[in-house]
Trainee: 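One structure, as structure tokens, below. Some questions next.
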Amino acid sequence: MENITPSNFIEQAIIEDIKEKKLKKIVTRFPPEPNGYTHIGHAKAICIDFLTAEKFNGYTNLRMDDTNPSKESEHYVKALMEDIKWLGFKWKKLYYASDYYPFIYDCAIDLIKQGKAFVCDMTADEISANRGTLTDPGKESPYRNRSVEENLKLFEDMRAGKFKDGEKTLRAKIDMAHPNINMRDPVIYRIMHISHFRQGNKWCIYPMYDFAHPLSDAYEGVTHSLCSLEFEDHRPLYNWFIDNCTLITGVKPRQIEFARLNIDGTVISKRYFHELIEKGYVDGWDDPRLPTLASFKRKGYTPTSIREFCTRIGVAKSNSLVQPHILEACIREELNRDAMRVVAVIDPLKINITNYDKVEDVMISNNPTIENSKKHPVKFSKELYIEKEDFMLEPTPKFFRLTPNGYVRLMGAYVIRCDEVVMGENGEIDHLNCSIIPDAKEQGIKPKGTIHWLSRNHSEKIVTRKFFNLLKEGEVYEKGMLDRIVNPNSMVEKVSYIEPFATKQKGNMQFVRMGYYIEDCKLSKPGNRVYLETVSLKDSK
RNA sequence: UGGGGUAUCGCCAAGCGGUAAGGCUCUGGUCUCUGAAUCCAGUAUGCGUUGGUUCGAAUCCAACUACCCCAGCCA
């Protein structure tokens, strides 16, 4: 274990611990509160927790941090577990912080007996008013010097339900003048007459995070408690409990913090997600505009791509804003390598070939990246769809695709020429009449562009939706995605077509490039995935 | 104004006193049945600023500066 090369500061610290404390086993934990779905920020934490333990041949527990019954439910527990499994991680043991309530309660008693905790009668407002400010020290509670016996009795009464919510709290007796506000006699138990989703009405007092977390870590034998940077200020408190609770035996856990994930253009916050969902701005936790794992799953991201992303962004302590194209690069790279190919026309324009009246198979490479990759037959006929954006009535100078009287190569098939643009009644282009140039080579016609196409009578309809990139150029938003989400009309529905050969594969149709996904596809079968390559790579130009 | 952190290419990020890894993006070139992908090449004389120590500093010291977090009976 000593020969492991660290790849980040956490691993470095662990290696030092192994030497100093002579640790035999590394244990980490992933401790979500079951009050929402897993998001990409969790994914980063999950990867750090599991991968770090794995690297040292240790293991990771999953612990539901269910110390606040007012927000939590079994539903989220299930969702969380599913997402972790989906990412491909296996926890050693499943714990609920609420399972430790008796232990945590005993630790509180222990603290009281040592004279290091007291029952306080102040209201939340009073406590807040006496906490002091960032620069000024706080004032000690008038109840701070109650006798051990009185505290014991009062705390017992708290547990017995003799007081109303908020009437009393148990506080750690530390230092009201401490420069770190977390150390100014923090509340460690509060009264809540709320049923807990697992414990029912067994308890009416609940421990605070700051108290429950270090004790849970110690109880489980966690050696390294990895969390995000905003808990740095809590570490002295964490250590205070670890050092002062005499019921703790064995290795003392160490908290190490890392920077949480920020992605440019999106907001990663369960609180916001709840708000957006409640107000109906998004459809639900798997709304494609949300950075939740459920959403990424729906869009066709693979667990490996999410993991790869987490590896690529690294682990450090500096506040960073990761560009979403790193994530996109991960999924694109993977799909480009592994996925089945499909030809799709997302925004169709009809073209008729006037000098052709057959139906024939044209072979299209399954994966052009791989040499000798399988080729699939695609039906070619005189009635085709091409992508609307592959034709320009009045071409710009660098437009290489189809134009009036211009030439273009149809992927895998012929060179054609656009002879006539037929306008519809609404003033828009209805269709194009084109002709095949059978001897293009001989004539020295070398079109600069190649475009994809589908036979109208041999393709099937699918429904796609466009999302993201909905801002008009020049529009500036401070909150990025949050503001984009707020406009429910930003979804644009499109009818598109897909070639059925692809559907002969066991296919769970997924179009993965950020920007499109196939919402509904009657052709889909569970199991595989299909990458609609031809469209995905267009819209960046 | 108190405490805790962070500052290395457009964006992440290695580096731990010996003369700036890598990835994403970008730019050339290559190739091609899409301008994609592939493959090849290129991109910080510089590591927040200013001083100091040293033969030698992104790395050590000092003083500044900027940004982030903290005053829930949330986690």
Side-chain angles (χ1 to χ4, degrees), chain A residues 7-9 12 31-33 35 65-68 70-72 97 120 122-125 127-138 165-171 178-184 186-192 205-206 208-210 212-213 227-236 257 259-260 264 270-271 308-309 311-330 332-333 336-337 362-365 367-371 387 390 398-401 408-415 447-453 533-534 536-538 540-541:
Chain A
S7 55
N8 60 49
F9 74 99
Q12 214 160 35
E33 184 187 18
N35 66 346
D65 226 345
D66 54 349
T67 54
N68 184 354
S70 68
K71 305 199 280 183
E72 299 150 3
C120 184
M122 292 203 287
T123 64
D125 288 344
I127 289 177
S128 176
N130 285 288
R131 189 158 15 232
T133 67
L134 296 176
T135 49
D136 302 317
D165 285 8
E167 205 176 322
K168 283 184 169 38
T169 57
L170 184 71
R171 295 225 260 162
H178 199 107
N180 181 341
I181 294 182
N182 292 308
M183 301 295 273
R184 317 237 260 233
V187 171
I188 59 177
Y189 259 100
R190 79 283 216 183
I191 299 170
M192 289 175 107
I205 55 171
Y206 292 94
M208 300 290 289
Y209 164 87
D210 279 320
H213 208 88
C227 63
S228 50
L229 234 37
E230 64 263 35
F231 292 103
E232 256 177 329
D233 289 342
H234 296 245
R235 193 175 51 218
E257 311 85 6
R260 57 178 296 156
D264 200 8
K270 276 194 281 193
R271 228 192 85 214
E308 176 63 20
F309 169 71
T311 316
R312 286 191 192 183
I313 56 175
V315 186
K317 292 188 79 171
S318 63
N319 296 111
S320 56
L321 187 63
V322 175
Q323 303 304 121
H325 54 60
I326 297 184
L327 214 202
E328 291 178 45
C330 292
R332 217 185 304 130
E333 189 177 286
N336 188 41
R337 188 188 59 229
V362 163
M363 302 303 283
I364 290 188
S365 174
N367 186 342
T369 312
I370 300 166
E371 239 179 286
E387 207 73 62
D390 285 343
K398 287 216 164 179
F399 187 77
F400 295 162
R401 287 161 279 164
V408 79
R409 181 190 305 280
L410 294 180
M411 183 171 69
Y414 304 93
V415 172
K448 276 189 176 174
T450 304
I451 63 175
H452 56 277
W453 50 271
E533 180 208 36
T534 42
S536 71
L537 304 165
K538 283 277 181 199
S540 58
K541 287 288 161 193

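Lettering follows sequence order; numbering is per chain, from 1. Excluded from the calculations below are hydrogen atoms, water molecules and symmetry mates; all remaining heavy atoms, backbone and side chain alike, are included. Keep in mind the model is a prediction, meaning the values are calculated, not measured.
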Trainee: Within the structure shown, what part of the strands sits under 4.0 Å from Ser128(A) by heavy-atom distance: base, sugar-phosphate, or nothing?
Mentor: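 The answer is sugar-phosphate, as Ser128(A) gets under 4.0 Å only of primed atoms, P, OP1 or OP2.
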Trainee: Could you identify the nucleotide paired to A14(B), looking across every strand shown and requiring Watson-Crick or G-U wobble geometry with both distances under 3.5 Å?
Mentor: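 Paired with A14(B), as far as the under-3.5 Å criterion goes, is no nucleotide at all.
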Trainee: With a non-hydrogen cut-off below 4.0 angstrom, is Ala124(A) in contact with a base, only sugar-phosphate, or nothing?
Mentor: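 Base contact.
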Trainee: Run Glu232(A) and Lys317(A) through salt bridge (charged side-chain N to carboxylate O under 4.0 Å, His left out) and show every step you take.
Mentor: CA-CA 11 Å; Glu232(A) 256 177 329; Lys317(A) 292 188 79 171; 2.8 Å; yes
Trainee: Heavy atoms from C-beta onward define the side chain here; which of A75(B), A71(B), C68(B) lies closest to that of Thr133(A)?
Mentor: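 Looking only at side-chain atoms, Thr133(A) lies closest to A71(B).
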Trainee: Round to the nearest Å and state the distance from Arg184(A) atom CZ to C73(B) atom P.
Mentor: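 Result: 13 Å.
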Trainee: Quick one: Leu229(A) CG to G5(B) C1', roughly how many Å, whole number?
Mentor: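 Whole-Å distance recorded here is 6 Å.
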Trainee: Any idea if G51(B) is syn or anti, going by the 90°-from-0 cut?
Mentor: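 Here G51(B) takes the anti form, which means its glycosidic angle is more than 90° from 0.
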Trainee: Taking atom C1' in both C61(B) and G23(B), compute the distance separating them and give it to the nearest angstrom.
Mentor: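 Straight-line distance between the two C1' atoms is 34 Å.
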Trainee: Roughly how many Å apart are C11(B) and U38(B), using the C1' atom of each and rounding to a whole number?
Mentor: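 Roughly 25 Å separates the two C1' atoms.
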Trainee: Between A75(B), C12(B), G2(B), which nucleotide has the shortest distance from any of its atoms to the side chain of Met208(A)?
Mentor: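 For the Met208(A) side chain, the nearest candidate turns out to be A75(B).
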Trainee: Would you classify Phe399(A) as touching base, sugar-phosphate or nothing, given that sugar-phosphate means primed atoms plus P, OP1 and OP2, and contacts are heavy atoms under 4.0 Å?
Mentor: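 If one applies the 4.0 Å heavy-atom cut-off, Phe399(A) turns out to touch a base.
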Trainee: Judged by each residue's nearest nucleotide on RNA chain B, which is more toward the 5′ side, Val187(A) or Gly314(A)?
Mentor: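 Per heavy-atom nearest nucleotide, the more 5' residue is Gly314(A).
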Trainee: Which is true for Ile326(A) with a 4.0 Å heavy-atom rule: it touches a base, it touches only sugar-phosphate, or it touches nothing?
Mentor: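 Here Ile326(A) touches the bases of the nucleic acid.
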Trainee: Just the rounded figure in Å: distance from P of C69(B) to CG of Asn180(A).
Mentor: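 Atom CG in Asn180(A) sits about 16 Å away from atom P in C69(B).
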Trainee: Just N and O in the side chain of Thr67(A): are any of them under 4.0 Å from OP1 or OP2 of A75(B)?
Mentor: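 Answer yes for this pair, as a side-chain N or O of Thr67(A) is under 4.0 Å from OP1 or OP2.
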Trainee: Rounded to whole angstrom, note down the P distance from A7(B) over to C24(B).
Mentor: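 About 23 Å, rounded to a whole number of Å.
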Trainee: Taking any strand in view, what nucleotide pairs with U6(B) in a Watson-Crick or G-U wobble way, both distances under 3.5 Å?
Mentor: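 Paired with A66(B).
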Trainee: In whole angstrom, give me the gap between the P atoms of A63(B) and C68(B).
Mentor: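 One P to the other, the span is 24 Å.
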Trainee: Rounded to the nearest 0.5 Å, how far does CD of Glu387(A) lie from NE2 of His452(A)?
Mentor: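 His452(A) NE2 to Glu387(A) CD: 4.0 Å, rounded to 0.5 Å.
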Trainee: Could you please name the option among G4(B), G10(B), C73(B) that lies closest to any side-chain atom of His325(A)?
Mentor: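 Of all the options, the side chain of His325(A) is nearest to G10(B).
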Trainee: At under 4.0 Å between heavy atoms, what does His234(A) touch on the DNA or RNA strands: base, sugar-phosphate, or nothing?
Mentor: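 Here His234(A) touches the bases of the nucleic acid.
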Trainee: Over all strands shown, is Asp233(A) touching base, sugar-phosphate only, or nothing at heavy-atom distances under 4.0 angstrom?
Mentor: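 If one applies the 4.0 Å heavy-atom cut-off, Asp233(A) turns out to touch a base.
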Trainee: Which one, C33(B), A71(B), A14(B), comes nearest to the side chain of Leu134(A)?
Mentor: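 Among the listed nucleotides, the one closest to the side chain of Leu134(A) is A71(B).
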Trainee: Thinking salt bridges, do Arg190(A) and Glu167(A) make one under a 4.0 Å N-O criterion?
Mentor: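 Looking at Arg190(A) and Glu167(A), the cut-off is not met.
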Trainee: May I have the distance from His178(A) (atom NE2) to G4(B) (atom C1'), rounded to whole angstrom?
Mentor: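 It works out to 10 Å between those atoms.
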Trainee: Could you tell me the separation between the CG atom of Leu321(A) and the C1' atom of G10(B), rounded to a whole number of Å?
Mentor: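 So the CG-C1' distance, Leu321(A) to G10(B), works out to 12 Å.
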Trainee: With a cut-off of less than 4.0 Å, is there a side-chain N or O of Arg260(A) near OP1 or OP2 of C68(B)?
Mentor: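 Checking Arg260(A) against C68(B): no side-chain N or O falls below 4.0 Å of OP1 or OP2.
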Trainee: Is the shortest side-chain heavy-atom distance between Pro186(A) and Arg171(A) below 4.5 Å?
Mentor: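 No; the side chains remain at least 4.5 Å from each other.
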Trainee: Could you check which of A75(B), C70(B), C11(B) has an atom nearest any side-chain atom of Tyr209(A)?
Mentor: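 Between A75(B), C70(B), C11(B), the one nearest the side chain of Tyr209(A) would be A75(B).
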Trainee: OP1 or OP2 of A36(B) sitting under 4.0 Å from any side-chain N/O of Arg401(A)?
Mentor: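 Checking A36(B) against Arg401(A), no side-chain N or O comes under 4.0 Å of OP1 or OP2.
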Trainee: Could you tell me if Ser70(A) and Asn68(A) have a donor-acceptor pair between their side chains, going purely by distance under 3.5 Å?
Mentor: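 Side-chain D/A pair, Asn68(A) to Ser70(A): present.
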Trainee: Checking all strands, does Phe231(A) fall into the base, sugar-phosphate, or nothing category for heavy-atom contacts under 4.0 angstrom?
Mentor: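 Base contact.
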Trainee: Could you check which nucleotide pairs with A36(B) in any of the strands shown, counting Watson-Crick or G-U wobble with both distances under 3.5 Å?
Mentor: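 Its partner is none (no Watson-Crick or G-U wobble pair with both distances under 3.5 Å).
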Trainee: Pick base, sugar-phosphate or nothing for Val408(A), based on heavy-atom distances below 4.0 Å to the nucleic acid.
Mentor: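 It contacts nothing in the nucleic acid.
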Trainee: Give a yes/no on whether any side-chain N or O of Ser318(A) is located under 4.0 angstrom from OP1 or OP2 of C68(B).
Mentor: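 For C68(B), OP1/OP2 do not have a side-chain N/O of Ser318(A) under 4.0 Å.
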Trainee: Quantified in whole Å, what is the C1' atom distance between nucleotide C47(B) and nucleotide A20(B)?
Mentor: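 After rounding to an integer number of Å, I get 8 Å for this pair.
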Trainee: Taking only side-chain N and O atoms of Arg131(A), does any of them lie within less than 4.0 angstrom of OP1 or OP2 on C73(B)?
Mentor: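 Yes, within the criterion.
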Trainee: What is the distance from NZ of Lys317(A) to P of C69(B), rounded to the nearest Å?
Mentor: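 In whole Å, C69(B) P and Lys317(A) NZ are 15 Å from each other.
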Trainee: Give me the distance, rounded to whole Å, that separates A62(B) from U25(B) when you measure between the C1' atoms they each carry.
Mentor: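 Going atom to atom, C1' in each nucleotide, I get 39 Å.
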Trainee: Mind checking Ser320(A) for me? I need base, sugar-phosphate or nothing, with any heavy atom below 4.0 Å counting as a touch.
Mentor: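 If one applies the 4.0 Å heavy-atom cut-off, Ser320(A) turns out to touch the sugar-phosphate alone, with no base involved.
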Trainee: How many Å lie between CD1 on Ile313(A) and P on A13(B), as a whole number?
Mentor: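 After rounding, the reported distance stands at 8 Å.
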Trainee: When the P atoms of G10(B) and U6(B) are considered, how many whole Å apart are they?
Mentor: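 These two P atoms come out 23 Å apart once rounded.
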Trainee: Rounded to the nearest 0.5 Å, what's the gap from CZ on Arg131(A) to CG on Asn182(A)? Could you check?
Mentor: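 The CZ atom of Arg131(A) sits 9.0 Å away from the CG atom of Asn182(A).
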Trainee: Taking ring-ring contact (aromatic ring centres under 6.0 Å, His included) as the test, write out the residues that go with His234(A), two or more places apart.
Mentor: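 If we apply the ring-ring contact (aromatic ring centres under 6.0 Å, His included) test to His234(A), skipping adjacent residues, the hits are Phe231(A).
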Trainee: In terms of the nearest nucleotide of RNA chain B, which residue is placed more toward the 5' end: Arg190(A) or Ala259(A)?
Mentor: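 With Arg190(A) and Ala259(A) compared, the 5'-side residue is Ala259(A).
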Trainee: How far does the C1' atom of G22(B) sit from the matching atom of C64(B), given to the nearest Å?
Mentor: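 The same atom, C1', in both gives a distance of 33 Å.
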Trainee: Whole Å only: how far is the CG atom of Asn182(A) from the P atom of G3(B)?
Mentor: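 One finds 15 Å between P of G3(B) and CG of Asn182(A), rounded.
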Trainee: Is any N or O donor-acceptor pair between the side chain of Gln12(A) and the base of C16(B) shorter than 3.5 Å?
Mentor: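 Under the 3.5 Å cut-off, the side chain and the base do form a donor-acceptor pair.
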Trainee: Looking at His452(A) and U34(B), is any side-chain donor or acceptor paired with a base atom of the opposite kind under 3.5 Å?
Mentor: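 Checked by distance alone, the answer is yes.
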Trainee: Between G22(B) and Arg312(A), is there an OP1 or OP2 to side-chain N/O distance shorter than 4.0 Å?
Mentor: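 No, because none of the side-chain N or O atoms of Arg312(A) sits under 4.0 Å from OP1 or OP2 of G22(B).
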Trainee: How is Glu257(A) classified with respect to the nucleic acid when contacts are heavy atoms under 4.0 Å: base, sugar-phosphate, or nothing?
Mentor: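 Contact class for Glu257(A): none.
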Trainee: When you measure from the side chain of Asp390(A) to the backbone N and O of Arg401(A), does any donor-acceptor pair fall under 3.5 Å?
Mentor: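 Flag not set: sc Asp390(A) to bb Arg401(A) has no pair under 3.5 Å.
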Trainee: Would you classify Met183(A) as touching base, sugar-phosphate or nothing, given that sugar-phosphate means primed atoms plus P, OP1 and OP2, and contacts are heavy atoms under 4.0 Å?
Mentor: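 It contacts nothing in the nucleic acid.
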Trainee: How long is the straight-line distance from CG of Asn35(A) back to CG of Asp66(A), given to the nearest 0.5 Å?
Mentor: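 One finds 10.5 Å between CG of Asp66(A) and CG of Asn35(A).
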